[in-house]
Amino acid sequence: AGALIAPLIMPFFLIGGFYQNDQSTPVFLEPIKYVSWFRYGFSMMMSNEFSDSQISCDRDRCDFVNGTDVLERFSLSPEEVWWPNMVALVTIGGVLCLLSWTCLVCRVRR
């Protein structure tokens, strides 16, 4: 079971926003993007960290002057609120708990 975890979780991690822009996801990987819990956590973390923030660096040395520039680079909206991402994370967690409970009940009955 431990050998299967890395190949199963790696697509979620790669498409979650850490390594590629959200809008550059290929069409055939779109379903994985919407099921990835990394995507929702990354979006909440980025919004929390960079919304309404100023970066103390001039344009000559840095690509970003404020947090809105950083969020736009990652295709995140500065006006995005945190609660839709939290609802998605709780829903994914609930579905995974229900799935694991169902597997446990099926295994105990045998």
Side-chain angles (χ1 to χ4, degrees):
L4 292 176
I5 293 202
L8 289 175
I9 290 184
M10 191 57 66
F12 295 124
F13 187 68
L14 292 175
I15 298 198
F18 294 109
Y19 294 111
Q20 78 173 24
N21 197 331
D22 194 30
Q23 294 190 352
S24 66
T25 304
V27 175
F28 62 91
L29 295 175
E30 288 283 328
I32 296 174
K33 178 174 85 169
Y34 290 109
V35 179
S36 174
W37 55 88
F38 292 112
R39 175 181 182 249
Y40 300 110
F42 179 71
S43 178
M44 284 190 338
M45 187 264 311
M46 291 292 285
S47 294
N48 181 43
E49 189 69 27
F50 290 110
S51 62
D52 300 328
S53 68
Q54 294 296 323
I55 298 173
S56 60
C57 184
D58 58 351
R59 252 315 170 191
D60 297 336
R61 296 186 312 157
C62 297
D63 291 338
F64 311 115
V65 177
N66 56 26
T68 303
D69 294 341
V70 176
L71 292 175
E72 287 173 356
R73 169 72 66 91
F74 285 96
S75 297
L76 298 171
S77 173
E79 292 85 29
E80 185 175 337
V81 293
W82 61 270
W83 65 266
N85 293 320
M86 183 60 80
V87 169
L89 282 174
V90 169
T91 302
I92 290 171
V95 168
L96 289 175
C97 283
L98 186 63
L99 181 66
S100 63
W101 180 78
T102 304
C103 290
L104 180 66
V105 167
C106 290
R107 188 166 176 105
V108 167
R109 284 189 183 170
R110 283 193 259 167

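No chain of hydrophobic side-chain contacts below 4.5 Å, direct or via other Ile, Leu, Val, Met, Phe, Trp or Tyr residues, connects L98 to V35. Hydrophobic cluster membership is shared by I92 and W83, with clusters built from Ile, Leu, Val, Met, Phe, Trp and Tyr side chains linked at under 4.5 angstrom. There is a path of hydrophobic side-chain contacts, each under 4.5 Å, that joins Y19 to L71. Grouping the Ile, Leu, Val, Met, Phe, Trp and Tyr side chains by contacts below 4.5 angstrom, directly or via other members, places L8 apart from L99.
Rounding to the nearest 0.5 angstrom, the gap separating the SG atom in C97 from the CG atom in L104 is 12.0 Å. Here T68 contributes atom OG1 and Q54 contributes atom CD; the two are 8.0 Å apart, rounded to the nearest 0.5 Å. For the atom pair CG of L76 and CG of N85, the computed distance is 9.0 Å after rounding to the nearest 0.5 Å. The CG atom of L4 sits 11.0 Å away from atom CD1 of I9, with the distance rounded to the nearest 0.5 Å. Note that the CD1 atom of I32 and the CZ atom of R39 stand 13.0 Å from one another [nearest 0.5 Å].
Listed for the S100 side chain is a donor-acceptor partner under 3.5 Å among the backbone atoms of L96. Side chain of Y40 to main chain of Y34: a donor-acceptor pair is present (N/O by atom type, distance under 3.5 Å, no hydrogens or angles). Not one N or O on the side chain of S47 forms a donor-acceptor pair closer than 3.5 Å with the backbone of M44. Proximity of a side-chain donor or acceptor of D69 to a complementary backbone N or O of E72 within less than 3.5 Å is not detected. With hydrogens and angles disregarded, no donor-acceptor distance shorter than 3.5 Å links the side chain of N66 to the backbone of D52.
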(request) Determine, step by step, whether I55 and V70 satisfy the side-chain contact (heavy atoms from CB on, under 4.5 Å) criterion, reporting the C-alpha distance in whole Å, the side-chain angles of both residues, the deciding distance to 0.1 Å, and the verdict. (result) CA-CA 10 Å; I55 298 173; V70 176; 3.9 Å; yes
(message) Please determine whether side-chain contact (heavy atoms from CB on, under 4.5 Å) holds for the pair M45 and F42, giving the CA-CA distance in whole Å, both sets of side-chain angles, and the decisive distance to 0.1 Å.
(response) CA-CA 5 Å; M45 187 264 311; F42 179 71; 3.8 Å; yes
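Aromatic ring centroids of F12 and F38 lie 6.0 Å or more apart. Aromatic pair F74/F50: ring centres not closer than 6.0 Å.
Between S36 and G16, the shortest heavy-atom contact is OG-CA, 3.9 Å.
Between the side chains of Q20 and T25, at least one donor N or O lies within less than 3.5 Å of an accepting N or O.
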